[in-house]
K.L.:
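Starting off with a structure, shown below.
Letters A, B, ... mirror the listed sequences (proteins, then strands); counts begin at 1.
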Amino acid sequence: DTGVSQDPRHKITKRGQNVTFRCDPISEHNRLYWYRQTLGQGPEFLTYFQNEAQLEKSRLLSDRFSAERPKGSFSTLEIQRTEQGDSAMYLCASDGSAGNTEAFFGQGTRLTVV
Amino acid sequence: SQQGEEDPQALSIQEGENATMNCSYKTSINNLQWYRQNSGRGLVHLILIRSNEREKHSGRLRVTLDTSKKSSSLLITASRAADTASYFCATVFNTGGFKTIFGAGTRLFVKA
């Protein structure tokens, strides 16, 4: 297992287009998190899954954002009708079930909306 | 708003000096973690301290936790230029599952 992987690493899209990002967590981890990070800021929580269940979704997340983890393994984050304000780094992380474990982060997907 | 807030926002020191970063949070936590991020890269876990622990060491890192004050500090001793990065505290708390929330970070610059 090479850790958490995210695809693509970079995405440039035109405003109004839909984009989808994929995250493959570490295989034995049942919790998966999505964060958004803008320049000079810390990661901002978007949503997280325990297995295939989406346990929480940030109120900051508009209806244009949706995330899935259909089989409790990989996850996708879709942004519909992208806006320039969606430009950011989207980070995925996973950790184990005990609660007292570190989260492992992927390298992120950098989205630029033009 | 973010659960954790780091202080200072930015810190510039000479190589060999110690760097201290502080983190305050708002609600009861399960544990607190510190992460490091080099520019444009992913986050790397540094150290985890549980809510019933008061101090933890890992190499040149020392973390303290004061749950009565809802604060933590990260000390990097004998800093090196390679320690230049952003450092984030992350609080983990139980909302039915375990949720991790990050602060805005401290940007550390170590001058050679």
K.L.:
Is there a side-chain contact between A:Tyr35 and B:Thr100, using heavy atoms and a 4.5 Å cut-off?
P.N.:
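Yes, close enough: below the 4.5 Å cut-off.
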K.L.:
Under a 4.5 Å cutoff for heavy-atom pairs, which residue among A:Ala93, A:Ala103, A:Ala53 has the most contacts with chain B?
P.N.:
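Of the candidates given, the most pairs with chain B belong to A:Ala103.
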K.L.:
What about the rings of B:Phe93 and A:Phe45, do their centers lie closer together than 6.0 Å?
P.N.:
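Judged by ring-centre distance (under 6.0 Å), B:Phe93 and A:Phe45 do not meet the cut-off.
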K.L.:
May I ask you to check whether over 12 heavy atoms, not counting those of B:Arg54, lie within 6.0 Å of atom CZ?
P.N.:
yes
K.L.:
Just wondering, are more than 12 heavy atoms of other shown residues or ligands nearer than 6.0 Å to CG in B:Leu75?
P.N.:
yes
K.L.:
Can you find a heavy atom in the side chain of B:Phe88 that is under 4.5 Å from one in the side chain of A:Gln37?
P.N.:
yes
K.L.:
Counting only heavy atoms not in A:Lys57, do more than 12 fall under 6.0 Å of its NZ?
P.N.:
yes
K.L.:
Let me know if B:Gln37 has heavy atoms under 4.5 Å from chain A in its side chain, its backbone, both or neither.
P.N.:
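For B:Gln37, the contact with chain A is made by the side chain alone.
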K.L.:
To the nearest 0.5 Å, what is the distance between CG (B:Leu43) and CD (A:Glu102)?
P.N.:
12.0 Å
K.L.:
Tell me, yes or no, whether the heavy-atom count around A:Arg15 atom CZ, taken from other residues, nucleotides or ligands under 6.0 Å, exceeds 12.
P.N.:
no
K.L.:
With respect to chain B, which residue among A:Arg110, A:Met89, A:Glu56 yields the maximal number of heavy-atom pairs within a distance under 4.5 Å?
P.N.:
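Answer, by heavy-atom pair count under 4.5 Å with chain B: A:Glu56.
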K.L.:
Would one find more than 12 heavy atoms of other residues, nucleotides or ligands at under 6.0 Å from atom CD of A:Glu52?
P.N.:
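Check passes, neighbour count above 12.
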